[in-house]
Amino acid sequence: MIKSEHMLKGKNIAIVGAGIVGACCAAHLSACGAKVTVFDRAMPGQAGPSRGNAAHIAASAIFPLAAPGILLDALPMLLDPKAPLKMPLGQWPKLMPWLVSFMLNANKKTYQANINQLGEFNQSVYKDTEQLYQSAGLSEHLHRDGALYLYESGASLDKSQQEFAARQRFGFDCHRLDAEQIYELEPDLAKIFSGGYLIPGWMTVSDPKKIVSGLMDYCYKLGGKFICEDITALTSTGHGVKVSFKNGNSAGFDQVIVAAGVNSGPLVKKLGQKKLLTAERGYNLTYTRPGITINRALMFADRGVVATRVDDGLRIGGWAELVSDDIPVNQDYFSRINGIARELFPALDSAESYPWMGARPSTPDSLPVIERSETDANIVYAFGHGHLGLTQGPTTAKRVAQLLVPG
Ligand SMILES: Cc1cc2nc3c(=O)[nH]c(=O)nc-3n(C[C@H](O)[C@H](O)[C@H](O)COP(=O)(O)OP(=O)(O)OC[C@H]3O[C@@H](n4cnc5c(N)ncnc54)[C@H](O)[C@@H]3O)c2cc1C
């Protein structure tokens, strides 16, 4: 805890959202001595993308999606059923404001500025994660096995060189490997790769939902509580904030944190502020008896999927489906991901698996929204972590604590 955080002692703080970001804030603020109440319409970590994500602490993933040339790359992908980008036609009109802002971020200068912001933010991720997990008794769930980025085409391997040089500049160690070195490290891979990069510092967790519940348990141990409620509005009272529930009741707090993932938008809108946020849905399969082993996190750069060893087995998936409405899960995507998984691991036993879809809360610039509300300094926003909520949760919690301290 840093010195100024002692000022949070005894403060009555509500957190809307018990996903990974809300849970990290709950754990850290409780450790600072605040009286924390967490609200969620579902049980902690059970509803959103925090439940079944790929389990990576991906600190060196510092590249925003809005990159120069994205338009040219995206158009063929939208026409290819096996490509990782999806945007159902009916969703286009409602997505337009987000897409326009996304495209405005895709110029060289803004892209570089966004990389710098992500790179700086992510530099303390490993330290913050280790500290918070250790305090919460979760260190045994954190694995420091590294990650391997894999490229099938020599052209994409060469093209990626600049990205790995940028990671190095932010202090993230990485080494280029040839195909033979890759197969030595990961013998169960299909022999289709031309090379890759090893990132030794990369971490994973054994089960993202256990991390959320473990952080919440730590919060309870320090006196915090969880209340299952659907929050409909936040209202400034002059000396604090009123939190209104769907059932008509309400409760008052000194300060409130909005960590409601992709659903943060409507709460913020009621406060008179507009934040561009969309659901970027991802799909994965967890093979519970995969019959093969991987020794570290694997990133299949040409496919937009990743593979992770988790407590339940082998998790493979990814993709990005941009939607503005709560449309049904596309079941067909699971069979396509299964097909890709079998191409990547020829000996994979795919007989037993469970499917999962989660909606990443994504901003047009891939930067999380961590700031005081313009309408009331007692309300702090902590959402929009896109692909990196598990990664950035502990660092976000520290930033939020700073924003809650007066001054
Ligand atoms: C396929 C996939 C793979 C991913 N892999 C990784 C990875 O490897 N590493 C990584 O760092 N990130 C990964 N992510 C991203 C990560 O999962 C998200 O960034 C993160 O879960 C967002 O957490 P959150 O707490 O902001 O939101 P959420 O998990 O959505 O939590 C928000 C909570 O708020 C609640 N809520 C919303 N509105 C209200 C309301 N009005 N009242 C009460 N409760 C409310 C919801 O019920 C929910 O529980 C992945 C995502 C996907 C989809």
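It should be emphasised that the depicted structure is a prediction, and the values quoted were computed from it without experimental measurement. Order of listing sets the numbers, starting from 1, for every ligand and every atom in it.
Residue A42 places no N or O, backbone or side chain, under 3.5 Å from any N or O of ligand 1. The distance criterion of under 3.5 Å between nitrogen or oxygen atoms is not met by L267 with respect to ligand 1. Annotation: L390 places an N or O atom under 3.5 Å from an N or O atom of ligand 1; distance criterion only. In terms of polar-atom proximity, P49 is counted as a contact of ligand 1, with an N or O under 3.5 Å from an N or O of the ligand. Of the polar atoms of N53, at least one N or O is found under 3.5 Å from an N or O of ligand 1, judged by distance alone. At under 3.5 Å, a nitrogen or oxygen of G389, whether backbone or side chain, sits near a nitrogen or oxygen of ligand 1. Considering backbone and side-chain N/O atoms, Y283 never comes within less than 3.5 Å of an N/O atom of ligand 1. Annotation: D40 places an N or O atom under 3.5 Å from an N or O atom of ligand 1; distance criterion only. Between I231 and ligand 1, a contact under 3.5 Å exists for at least one N or O pair. Inclusion of E280 in the set of residues having an N or O under 3.5 Å from an N or O of ligand 1 is not warranted.
Of the heavy atoms in M357, none comes closer than 4.0 Å to ligand 1. With a 4.0 Å cut-off on non-hydrogen atoms, F383 does not touch ligand 1 at all. Here A259 has backbone heavy atoms under 4.0 Å from ligand 1, and that is the only part of it that gets that close.
Annotation: atom 52 (C) of ligand 1 to nearest protein heavy atom, R360 NE, 3.6 Å. Nearest protein heavy-atom neighbour of atom 29 (O) of ligand 1: S50 OG, 2.5 Å. Of the protein's non-hydrogen atoms, the one nearest atom 31 (O) of ligand 1 is G19 CA, 3.4 Å. Shortest contact from atom 10 (C) of ligand 1 to any protein heavy atom: H387 O, 3.2 Å. Protein heavy atom nearest atom 9 (N) of ligand 1, with residue, atom name and distance: H56 O, 2.8 Å. Protein heavy atom in closest approach to atom 18 (C) of ligand 1: G386 O, 3.5 Å. When only non-hydrogen protein atoms are considered, atom 34 (O) of ligand 1 lies nearest to G17 CA, 3.3 Å. For atom 40 (C) of ligand 1, the closest non-hydrogen atom of the protein is R41 NH2, 3.5 Å.
Near G282, with a cut-off below 4.0 Å to any heavy atom, the atoms of ligand 1 are 1 (C), 53 (C). With ligand atoms numbered from 1 in the order given, ligand 1 contributes 3 (C), 4 (C), 5 (N), 6 (C), 8 (O) to contacts under 4.0 Å with heavy atoms of A54.
By the 6.0 Å contact criterion, NZ on K35 is open, its count of non-hydrogen atoms from other residues, nucleotides or ligands being 12 or less. The 12-atom threshold is not exceeded at CD of E374, counting heavy atoms of other residues, nucleotides or ligands nearer than 6.0 Å. Heavy atoms of other residues, nucleotides or ligands lying less than 6.0 angstrom from CG of D326 number 12 at most.
Taking the six-membered ring where the residue is Trp, the centroids of Y220 and F226 are separated by 6.0 Å or more. Between F300 and Y151, the ring centre distance reaches or exceeds 6.0 Å.
Heavy-atom separations between W356 and ligand 1 include at least one value shorter than 4.0 Å. Distances shorter than 4.0 angstrom do not occur between any heavy atom of R281 and any atom of ligand 1. In this structure, A55 counts as a contact residue of ligand 1, since one of its heavy atoms falls inside 4.0 Å of the ligand.
Relative orientation of the Y197 and F164 rings is parallel, given thresholds of 30° and 60° on the angle between their planes.
A donor and an acceptor atom, one from each side chain of Q392 and N122, are located under 3.5 Å apart. Looking at Y287 and E352, their side chains never bring a donor and an acceptor atom within 3.5 Å of each other.
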